[in-house]
Structure formats: structure tokens, C-alpha cells
Novice: 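Quick one: structure below, then a few questions.
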Number of protein chains: 2
Amino acid sequence: MADSNSLEALVQALRRLPGVGVKSASRMAFHLLQHDREGAQMLSRALHQAAGTVRHCSQCHTFTDSEVCATCLDPQRDGTKLCVVETPADQSAVERTSAYRGLYFVLMGKLSPLDGIGPRDIGLQKLFDRATGGTVQEVILATNFTAEGEATAHVIGEALKARGLQVTRLARGVPAGSELEYVDLGTIAHALVDRR
Amino acid sequence: MADSNSLEALVQALRRLPGVGVKSASRMAFHLLQHDREGAQMLSRALHQAAGTVRHCSQCHTFTDSEVCATCLDPQRDGTKLCVVETPADQSAVERTSAYRGLYFVLMGKLSPLDGIGPRDIGLQKLFDRATGGTVQEVILATNFTAEGEATAHVIGEALKARGLQVTRLARGVPAGSELEYVDLGTIAHALVDRR
């Protein structure tokens, strides 16, 4: 697009973002250069800063700027409960409910044999060490309810049960605010079996 | 998301990209930090470089790293024809056809009263000066066939005709490879009127 090597390089670099193809990348580059150069510089600095400073919490594996994240350091947290989630975004969703005051372990992914992601890539050994350290009494599996998330939960659950820990899974059921007519049959079937 | 100020700043900066909301921005930040830090640094450098060096060609207004772009400098180009497009991406689309060997004027936008974009914002005076400079004999309006693109073409066309120039518009009609059954009625009506 146009006669500019630095523009071409920008379009190529924007394509490294997930879900961004050549058309979106061109549109983004056009917008930044034509209407928001300040935004471009701000994004440049934020990328450089984050790529240099963000690391993983040594306890729970989530993104943090420090050695240990604020959640793991919080003395108000109930250290006997450990909630296992796939990503920081999932952790954030659980946090927003205010219904959980225990600690977390963030897998930073899920088991995905087709993509070559095995137990080592999502730090399962670290999770097992943490869970069997003596403090944790209950591990709550909050991976996603997708095929890969379920498989990940199954693998972790079996391994932890074998180590004598109490393992629970988020309840499956009808989402709040939904009408039965529009809920898929698998969900209704699960909600029937798990009725209380 | 998570306990990191630099991550939070990155998510906010990514939201400056067009079409990127908070969920997409979080997903992009997660991907870059977890799987592609090299890509993050590359994008950071490309943004900084482009925001600092890319400017507008003094002749045709497109993006370039130099004073005048390569297309405007090309002596093989037919300087009597001037094709008016909205963006560098549109210019690139016309170029790829290899059906046009004249010069360009890139508006870098379109008239859009609702967004407060008037003739001054898209450099119409510069276009009029260029078109009436003596060399240009025909101005080909290749703005998009949207409401705003048509309005822009109309305004430019009227102004240039008043200055005694020959003004043409890209032909409207049935797209190559399409079946009439699936072409919208407005397009078929135009194709009938403009039949040849």
C-alpha cells in the first residue's frame, strides 16, 4: 500500500496480532497514521514497556510486574482454596463476581494436543507442586466449558484426586436470565442431572 | 486484567486501534505477551518508525517516506490523467489492475458532514490546484460507490467541470463473475441504463 517502506513494515507487524489479516492491518495503519499518530506512539511505548517488564507470578503464574502478584500476596485471601483458570481474562471474570476469596492458578493456556500443547506447556507440574504443598485443601477447576477446557479439567482433576485432594468443578447449568426454549439441549440435560 | 500496570496500559493502547474493543485488546495483549514477545517488540519499533517518518506526497497526498512518492516521480506515467481515490488502499487496488498508467490524487478520506469532515479536511483545494495546473486533461473519479463516496465524487466533479476539465467516473455495473439473480436491483438498473 502506497510508496512507503515504513508503512509496509507497520502493516506486516500489525498482522502479528491475532485475528488481524492484511486488510485489517492496512486499515489500522491508515487510521493511526492519518488520524492518531499520538495513539501510534503511545501504543509503541506500551508494547515496548509491557514486553520488557511483564512476567509470570512465581506463585500463580498470572501476568504481573513483580515477583509475586498482588492477589497471591493478599493476606485476606483464603489459601486453602485454589481456583484453576485458563487465562488472566478468565481470572478477571471470576474476580468480578466477588463470589470467590481464595487463590488462583492461571494455566496460561489449555491442553491442546492438536496444537502440540501438552502438560509441560501449561505448567501442570508447578500446579501439582502448589496444590500438594500442604495449605491447599480444595482445587476448583474453572477451565472453560469447551472440549479442550473440559479435557484439561479432566486431566488435572484425575491427577489431583490421585494425590488425595478435594477437586471440584464449576457447576454446569442454565445461564442466568435465559429462557429454556433458547438454551441448547446439552445444557438442559446437564442442568437436569445436576438439579438440586 | 491481572496484576500489571504495564499490561493494563497495553490493553488501553491497543483499544486505540480501529475496531478493537476491550475483549479483543485483552486477547491481543495476552497473545503477544504469552506467545510472541518478539512480535510485540517488532510492532513497537514499526509503530515508532512509521509515526515518525511517514508523510504525505506533496503531489498526490498519498503516504510516502519522501517528499514526492515514486508514482508521481515515474516518468512513464501519463500526466494528463488524474485518478482521484479515497485512500492508499483504493489506489493500490486500482494499481493492481494494471489498467491505468496515469497519476493519482489520494483524498485520504471522503466528505462526511456528519463526522465534521469538509472540503478542507480532504485537501480539495490542493486537488483543484493540481487539476487546473495545465497538464491534467482528464480527472477520473474513483471514490467508493457508497453514499459518502458518491457525494464526494459529485462535489469534486461539479467543481472541476466548472473549471473546464473533462471529468469521468468509474463505470457502475454488474461485477465480473456474478450471477444476475444475486445482484442487487440498483446495480442491475444502473447496468441497464449504462449498457453499451
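We name chains A, B, ... by the order of the sequence lines, and we start the count at 1 in each one. Since this is a predicted model, take the numbers as computed values, not measurements.
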Novice: Ignoring hydrogens and geometry beyond distance, is a side-chain donor-acceptor pair present between A:Thr135 and A:Arg130 at under 3.5 Å?
Specialist: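 No, because no side-chain N or O of A:Thr135 sits under 3.5 Å from a partner of the opposite role on A:Arg130.
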
Novice: For residues 117-128 of chain A, which side-chain donor-acceptor pairs fall under 3.5 Å, sequence neighbours excluded?
Specialist:
residue	atom	partner	partner atom	Å
A:Asp121	OD2	A:Gly118	N	2.9
A:Gln125	NE2	A:Asp129	OD1	3.1

Novice: Answer with yes or no whether the side chains of A:Asp78 and A:Thr80 bring together a donor and an acceptor at under 3.5 Å.
Specialist: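 A donor-acceptor contact under 3.5 Å links the two side chains.
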
Novice: So which residues of residues 181-191 of chain B are in contact with chain A at a heavy-atom cut-off of under 4.5 Å?
Specialist: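 Heavy-atom contacts from residues 181-191 of chain B to chain A are absent.
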
Novice: Establish, from distance only, whether the side-chain atoms of A:Thr143 and A:Glu86 form a donor-acceptor pair under 3.5 Å.
Specialist: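 Distance-only check fails for A:Thr143 and A:Glu86.
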
Novice: Not counting sequence neighbours, which residues clear ring-ring contact (aromatic ring centres under 6.0 Å, His included) with A:Phe145? List them please.
Specialist: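 So A:Phe145 forms no ring-ring contact (aromatic ring centres under 6.0 Å, His included) with any residue.
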
Novice: Within residues 38-53 of chain B, which residues come under 4.5 Å of chain A, heavy atom to heavy atom?
Specialist: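 If one takes a 4.5 Å heavy-atom cut-off, the residues of residues 38-53 of chain B near chain A are B:Glu38, B:Gly39, B:Ala40, B:Gln41, B:Met42, B:Leu43, B:Ser44, B:Ala46, B:Leu47, B:His48, B:Gln49, B:Ala50, B:Ala51, B:Gly52, B:Thr53.
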
Novice: Using the rule that Ile, Leu, Val, Met, Phe, Trp and Tyr join whenever any side-chain heavy atoms are under 4.5 Å apart, tell me whether B:Phe105 and B:Val85 fall into a single cluster.
Specialist: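 Different hydrophobic clusters.
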
Novice: Please step through side-chain contact (heavy atoms from CB on, under 4.5 Å) for the pair A:Thr62 and A:Gln91, ending with a clear verdict.
Specialist: CA-CA 9 Å; A:Thr62 195; A:Gln91 178 187 13; 3.2 Å; yes

Novice: I'd like to verify something: which residue of B:Arg96, B:His35, B:Glu95, B:His31 has the highest number of heavy-atom pairs under 4.5 Å with chain A?
Specialist: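 Highest number of pairs under 4.5 Å: B:His31.
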
Novice: Given that the side chain runs from C-beta out, which part of A:Val20 has a heavy atom under 4.5 Å from chain B: side chain, backbone, both or neither?
Specialist: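 For A:Val20, side-chain heavy atoms alone lie under 4.5 Å from chain B.
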
Novice: Check B:Arg16 with A:Asp36, please: is the shortest side-chain N to carboxylate O separation under 4.0 Å?
Specialist: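 Yes, A:Asp36 and B:Arg16 are salt-bridged.
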
Novice: Using heavy-atom distances under 4.5 Å, tell me whether A:Leu33 contacts chain B through its side chain, its backbone, both, or neither.
Specialist: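 Contact with chain B: backbone and side chain both.
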
Novice: Could you check whether A:Arg163 pairs with A:Glu158 (Lys NZ or Arg NE/NH1/NH2 to Asp/Glu carboxylate O, under 4.0 Å)?
Specialist: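 The answer is no: the pair does not qualify as a salt bridge.
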
Novice: Shorter than 4.5 Å, heavy atoms on both sides: which option in A:Arg55, A:His56, A:Lys23 has the most such pairs with chain B?
Specialist: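 Option with the top pair count is A:His56.
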
Novice: Does any heavy atom of chain A fall under 4.5 Å from the side chain of B:Leu10, the backbone, both, or neither of them?
Specialist: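 Looking at B:Leu10, backbone and side chain both touch chain A.
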
Novice: For B:Glu138 and B:Thr168, what are the C-alpha separation, side-chain angles and deciding distance, and is it a side-chain contact (heavy atoms from CB on, under 4.5 Å)?
Specialist: CA-CA 7 Å; B:Glu138 179 186 357; B:Thr168 55; 2.9 Å; yes

Novice: Classify the side-chain pair A:Asp90/A:Thr87 by whether it contains a donor and acceptor separated by less than 3.5 Å.
Specialist: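 Result is yes, a qualifying pair exists.
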
Novice: Determine, for A:Glu150 against A:Lys110, whether the closest basic-nitrogen to carboxylate-oxygen distance falls under 4.0 angstrom.
Specialist: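 No, this pair does not count.
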
